[in-house]
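In what follows, a structure is listed as structure tokens, so that the remarks can point back to it.
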Amino acid sequence: MMIHDDWQLMRKRLNHDWLKNKFLVAHLNGFIARLSASNPDPVKFKEFATQDWPTWSCHREELADLIKSAEAALSPRQLLDQLPLSACNSETKDFLCKLVHDLWLTRSSIRKKIANSEVALKEADAYYQGLNPLLKSTDNIDLYLLRQSIEKFIKFDKAVMHLSDCIHQLPHNIQVV
Amino acid sequence: MKKIYLSEHSFVNTELNLGGISYKVVLGPSMKEIATTTDNLLAATHAILHHNADEFKKLKDKIFTAQNFSEKTLIILRVSEGDKSKLETAQHDKWICGENGFVAYVLLARNQKKVLEDNPEIAINTLRAFFAMTPAQAEAVYSGRLDECHPVLRPLFDAPRHFPNFFYALSILCQGYLTIGALANDERSSVNKEQSSVVKKALERTGWTTLYSQDSESVIKNLDLSTRVRREELWQYVIQTDSDYWKPLSGEKKFMENFVKEWKSFNNKELTNSVNWLVIAIDGKKSIDQPDSVAQAYLDIVDVMEAKL
């Protein structure tokens, strides 16, 4: 089971550092701005298509894993594996693990937040897969075709932002009460 | 022969003199290098590493995917420096990996780097004791039984934590206590005692009232509390004097002191009457047989935590 600290670190790297700051703000937003510009630099388009755009494919599975592992990594039941509760006898520990997890699920809206994140990832990925053929042929980027699809890129941009917000809304600490 | 792995030890330098005892130092590259190879580390019995969250994560991944372990057990001492180290929220860890059940104990020495650097004599004695540590002693430290490890090492593992462990632990034990109480005293039981309003309120705050109303049968089955005898047995277990249930707290020498510190870190006020009663009862290994007081203590704890969020 991924423990809380590792999960928070993975979220920071994936969501904050890569998805939001790098992929979205530094690269995708700039690409969309260039598409709207009157005389964009073709080299920049090629750089985006070869270096930045494909990183989505590399990180998509990691994002899915991050979301999938959230319930286990954020559950207060892991406190039963840490001092002082790790000193409980096995029967008490077993009982409290189940109870604490079930109570947490009842109190929090964690499963709803996880489901929202999963839907947001699927939605963003669907936009990506639809747009990917336009940027696959990096030797001959068709600026006209890209510009025709600018609305779709903007929708993808919004979907990525929404995904990042959903992941950010998952708890930032272990919620005991 | 003990095989030791050292990494970037400014406090050891090359002047490691351990009273004539012979140790084989395997090798000591930086943590960055460990990220690419763990062979030397996996050949050791003891290792001392400096805390760096990112690099430690890589190291953990490497160990979990490694196949060749020369030793059955590796004891890692993870030393941190400043006050604001992330290790304050971390815990001792135990990794069991590989087909042969290789075990690595990761024991945290919080905020100890400066102490060791400033006091070479303490550092040498500490190192000597650490290198003599057996897997059984590492297991004891991991499980919180510090009295079973060498006295020189105890201050290393007993450094103050700012993570509210006792605060969290008490609230979890209260959740369990209130739930068992609710089931032991419900309409199916021989006791069938009506819940007071404070107990009802506390159960609502734990989430129990909602959980139980959704599907009571599967909830009690999941908790293995299907029979009345079992529920009443468990109730006796949690209320009796010196119960094992409260031992993770009552067995801690500095429970009262640490709990009060943690309480004040949330809320710079005195303990409420109910929390004070509960903490004294646990510390004194007395019977915890007043559900209303436990319920009120739980509500007070929740209020303090929520106010902080």
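The chains referred to below are lettered A, B, ... by the order of the sequence lines, with proteins before strands, and numbering in each begins at 1.
Note: Val100(A) leads Leu80(A), Asp94(A), Leu105(A), Val100(A) in heavy-atom pairs under 4.5 Å with chain B.
With Arg107(A) contributing its side chain and Thr206(B) its backbone, the two residues share a donor-acceptor pair below 3.5 Å. Listed for the Gln82(A) side chain is no donor-acceptor partner under 3.5 Å among the backbone atoms of Asn165(B).
Atom CD in Glu91(A) sits 6.5 Å away from atom CG in Leu234(B) (nearest 0.5 Å). Atoms CG and CD, on Leu83(A) and Glu252(B) in that order, are 7.0 Å from each other to the nearest 0.5 Å. Rounded to the nearest 0.5 Å, atoms OG1 (Thr106(A)) and CH2 (Trp208(B)) are 9.5 Å apart.
Both the backbone and the side chain of Asp102(A) come within less than 4.5 Å of a heavy atom of chain B. Heavy atoms closer than 4.5 Å to chain A are found in both the backbone and the side chain of Tyr142(B). Proximity to chain B (any heavy atom under 4.5 Å) is shown, for Leu85(A), by both the backbone and the side chain. With a 4.5 angstrom heavy-atom cutoff, Leu225(B) touches chain A only via side-chain atoms.
Considering Val302(B), Leu299(B), Val304(B) as possible partners of Val177(A), the one that fulfils the side-chain contact (heavy atoms from CB on, under 4.5 Å) test is Val302(B).
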Working for side-chain contact (heavy atoms from CB on, under 4.5 Å), residues Ile172(B) and Leu79(A): CA-CA 9 Å; Ile172(B) 285 175; Leu79(A) 293 172; 3.7 Å; yes

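Taking 4.5 Å as the heavy-atom cut-off, none of the residues of residues 145-164 of chain A approach chain B.
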